[in-house]
Protein chains: 2
Amino acid sequence: MTVPTGQCCAPIAREPLAEDTAAELAVMLKAVADPVRLRLLSMIGSHAGGEACVCDLTDAFDLTAPTISHHLKVLRTAGLIDGERRGTWVYYRIIPEAVNKLGALFAPLTEPSPGPVPQPVAGRSELGLLPA
Amino acid sequence: MTVPTGQCCAPIAREPLAEDTAAELAVMLKAVADPVRLRLLSMIGSHAGGEACVCDLTDAFDLTAPTISHHLKVLRTAGLIDGERRGTWVYYRIIPEAVNKLGALFAPLTEPSPGPVPQPVAGRSELGLLPA
DNA sequence: GACCTGTTTAGATGAGCTTCTATTCAGGAG
DNA sequence: CTCCTGAATAGAAGCTCATCTAAACAGGTC
């Protein structure tokens with residue numbers, strides 16, 4: 001069973017997930033299924049300006065800097081965050097489309113909505129990182 | 001066990017997740033962060049009547065029955081599904097509150113946080129743990 | 001009772017993950 | 001250029017996880 005539209009997938013309770021779609025989503029979910037990475041993602045996403053410096057993130061944990069760096073790499077490899085070096089420091093920010101994909105997966109099935117999946121459309125005006 | 005059915009947290013990008021909240025959510029996410037379990041959850045949730053027999057689920061995978069049973073137990077332990085034996089067969093169904101909790105976590109931030117202050121430079125802002 | 005089918009439990013094995021220490025890379029200051 | 005700090009890489013140790021085979025449990029049929 002393949003997903004009708006080109007989008008990622010319907011909510012989890014609407015139709016059985018395709019095998020490859022499940023594998024793709026599992027990669028993203030595995031990246032988030034860790035207390036440290038969850039908090040990292042939350043700190044980055046909720047930080048003023050929509051981005052956070054690694055130096056800010058490291059101090060919130062009882063972990064060494066290389067460990068934090070490793071977790072950030074996992075999140076980046078999964079396509080959930082993006083990093084950029086500006087001078088001495090490196091700043092990370094969330095990729096809203098990736099998070100929205102997960103949100104759509106677990107969206108409640110309150111009403112049996114019509115045909116297509118109502119994609120939540122990455123808005124997030126504050127973090128202006130959508131290429132229009 | 002666990003999973004006391006209640007609102008758990010704000011969307012991931014609104015405020016930093018508390019340490020224990022992140023740990024609790026990671027347990028649930030880890031249960032879902034597997035291709036087999038994702039498909040199992042999707043099959044159960046999208047099955048007619050809202051519940052599915054183990055016998056139906058097993059045939060869709062190239063895995064042995066004990067392995068499927070193990071994955072179902074992980075999902076049940078995480079509070080995502082519930083099982084009931086009726087005669088010879090065992091039927092599983094989704095616990096909507098648990099799935100909704102994940103949906104709320106990754107819900108898009110339509111209304112931006114009221115605190116602008118995009119000034120991340122020069123001396124890290126506290127950022128630490130949120131007060132409960 | 002004995003027997004058959006569906007499901008779970010118990011161990012074991014091999015792969016993967018989290019964390020560390022030690023080292024290297026990148027940029028700025030003196 | 002040399003030194004210092006922030007961040008990433010390399011490699012290793014210990015633990016967790018996904019999967020299997022073998023065995024046990026639950027319920028129905030004869």
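Only this structure's heavy atoms are used, side chains among them; waters, hydrogens and symmetry mates stay out. In what follows, every chain begins at residue 1, and chains take the letters A, B, ... in the order their sequences are listed.
- Between the side chain of B:T58 and the backbone N or O of B:V54 there is at least one donor-acceptor pair closer than 3.5 Å.
- Taking side-chain N and O atoms only, B:R86 has no distance below 4.0 Å to OP1 or OP2 of D:dG27.
- Between C:dT7 and B:Y91, no contact under 4.0 Å exists linking OP1 or OP2 to a side-chain N or O.
- As judged by a 4.0 angstrom heavy-atom cut-off over every strand, A:I68 is placed among residues making no nucleic acid contact.
- Note on B:Y92: only backbone sugar-phosphate atoms sit closer than 4.0 angstrom, heavy atoms only; bases stay farther off.
- The shortest distance between side-chain heavy atoms of A:L105 and A:L29 falls below 4.5 Å.
- Remark: B:H70 is in phosphate contact with D:dA18, judged by side-chain N or O atoms under 4.0 Å from OP1 or OP2.
- Side-chain nitrogen and oxygen atoms of B:T67 include at least one within less than 4.0 Å of the OP1 or OP2 phosphate oxygen of D:dC20.
- In this structure, CH2 of B:W89 is placed 9 Å from P of D:dG28, rounded to the nearest angstrom.
- Rounding to whole angstrom units, CG of residue B:L40 and P of D:dA18 are separated by 12 Å.
- Of the listed nucleotides (C:dT19, D:dT21, D:dC17), D:dT21 has the atom at the smallest distance from the side chain of B:T64.
- Residue whose closest nucleotide on DNA chain D sits further toward the 5' end, between B:H71 and A:T88: A:T88.
- Stacking of A:R86 on the aromatic ring of A:Y91 is recorded, both the 6.0 Å distance cut-off and the 45° axial limit being met.
- The interatomic distance linking B:L75 (CG) with C:dT7 (C1') rounds to 16 Å, in whole Å.
- Put simply, CD on A:E84 is 15 Å from C1' on D:dA7, counting in whole angstrom units.
- Going from atom CG of B:L38 over to atom P of D:dA18 covers 12 Å, rounded to whole Å.
- Residue B:S69 places at least one side-chain N or O closer than 4.0 Å to OP1 or OP2 of C:dT8.
- Spacing between atom CG of A:L57 and atom P of D:dG6 amounts to 14 Å, rounded to whole angstrom units.
- Rounded to whole angstrom, the span from the CG atom of A:L72 across to the P atom of D:dA8 amounts to 7 Å.
- By the 4.5 Å heavy-atom criterion applied to side chains, B:L57 and B:L72 are counted as neighbours.
- Side-chain nitrogen and oxygen atoms of B:R37 include at least one within less than 4.0 Å of the OP1 or OP2 phosphate oxygen of D:dA18.
- Taking only side-chain nitrogens and oxygens, A:K73 never comes nearer than 4.0 Å to OP1 or OP2 of D:dA8.
- As rounded to whole Å, 10 Å separates atom C1' of D:dC20 from atom CG of B:L63.
- The main-chain N or O of A:K73 is found under 3.5 Å from a side-chain atom of A:T77 such that the two form a donor-acceptor pair.
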